[in-house]
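Have a look at the structure below before the remarks.
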Amino acid sequence: IRAAGSARAAGFVSGVLHTLERKGDQLRFPDPLADPAGYLSTYGSHPRWLVERWLHRWGVDGARALVAANNARPELYLRPLGIGREEAAARLLEIGADAEPVDFSATSLRVLSSATVAEILAVIPAVVQDPAATMVVEYAAVPQGARVLDLCAAPGGKALGLAERAGFVAAADLSPRRLRRVRENASRLAWDKRVGVVAADGRHPPFRSADLVLLDVPCTGTGTLRRHPDGRWRLREDHLSALTVLQRSLLDSAAAVVRPGGWLVYSTCSLEQEENEVQVKAFLERHPEWAVDPPGTVPAELLDERGCLYVLPHRENVDGSFAARLRRPA
């Protein structure tokens, strides 16, 4: 069945290419100067409503750079766990895999060779993780030995990163199936006693209190379109408003289980302001006693004027992410 499906797909692609070859001189894309939205949505293969948002926010050059970044082939990145990245890179060299540090991250490695993920994970304790996600963990700045909750944890890469310094991480997610991946990754690292899994709805967290809560909310994922190119076509503009309602509910519920003096780290893999700084601003208006509390663990150029983390695909050449580290008063 798979072979037959592959043959049909190959035939379809071949037919499309032959048609393009015959009619290539008839194809015309919108003029990039006169109609940048039309050009970037057709030649750049992005939904027009997204392109128009980005043109309004970043201008023609920024939107063009973002579309190009989304259409680039994603690279392989690692987040070593329990060992420094220098030691991790040295171990990789022993199997002929070359890797280099990511300049704006203290923990990420970019793999330069064609080693497989299985070969890599066989020689170093690590998770495959884009630096945009790794930076959220670095920005969280977990105090040594802290009690941590990750309320939307699956597949668990951030929970494992938090567990490097935390005393214990409770990794919660609505899906028991997806939680199996968290448990498998923790077992692979022999961190079963550092990370526990709980099937739970983040809007009704079954916990008393924690020193730090990570809330990596469901979002549009517009910062990860290079890794999920079909995702751009599944997104609709009305998804944004529905997700912001869910995010607001999750934020208020998560805040209730942060101990006095503790932290709530709100994060997304979205580039959309309604899901990011606008959501945080609204939270602070509802909870004026809270405040953004940026740590000194990430480069200043990755922080906005309020101290929130912003990683942009067309600036850092990785995925996109946002995070706000919020402090509850003691």
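Residues: numbered from 1 along the sequence shown. When reading the values below, keep in mind they use all heavy atoms of this one structure, side chains included, and skip hydrogens, waters and symmetry mates.
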L264 CG to R327 CZ distance, which is reported to the nearest 0.5 Å: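 Here the interatomic distance stands at 12.5 Å.
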In terms of side-chain geometry, is the basic nitrogen of [X] or [Y] positioned less than 4.0 Å from the acidic oxygen of its partner?
{"X": "E184", "Y": "R188", "answer": "no"}
{"X": "R48", "Y": "D35", "answer": "yes"}
{"X": "D150", "Y": "K158", "answer": "no"}
{"X": "E277", "Y": "R306", "answer": "no"}

Should we say atom CZ of R232 is surrounded by more than 12 heavy atoms from elsewhere, each under 6.0 Å from it?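 Buried by this count: over 12 neighbours within 6.0 Å.
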Would you call the rings of W58 and W54 parallel, tilted or perpendicular if under 30° counts as parallel and over 60° as perpendicular?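 Rings of W58 and W54: tilted, as their planes differ by 30° to 60°.
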Given E138, R79, R85, the one that forms side-chain hydrogen bond (donor to acceptor under 3.5 Å, both in side chains) with S105: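 Result for side-chain hydrogen bond (donor to acceptor under 3.5 Å, both in side chains) with S105: E138.
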Just one of R226, H228, H46, H314 clears the side-chain hydrogen bond (donor to acceptor under 3.5 Å, both in side chains) bar with N70, so which one?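 Exactly one option meets the side-chain hydrogen bond (donor to acceptor under 3.5 Å, both in side chains) with N70, and it is H46.
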Do we see a donor-acceptor contact under 3.5 Å between the side chains of N276 and T268?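 T268 and N276 do have a side-chain donor-acceptor pair below 3.5 Å.
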With no hydrogens and no angle check, do the side chains of D319 and T224 hold a donor and an acceptor under 3.5 Å apart?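 Side-chain D/A pair, D319 to T224: absent.
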Closest approach of G320 to L271 (non-hydrogen atoms, all atoms of both residues):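 Distance-wise, the nearest heavy atoms are CA-CD2, 4.0 Å.
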May I have the step-by-step check of side chain to side chain donor-acceptor pair (under 3.5 Å) for T107 and T134, ending in yes or no? CA-CA 8 Å; T107 53; T134 299; 5.1 Å; no
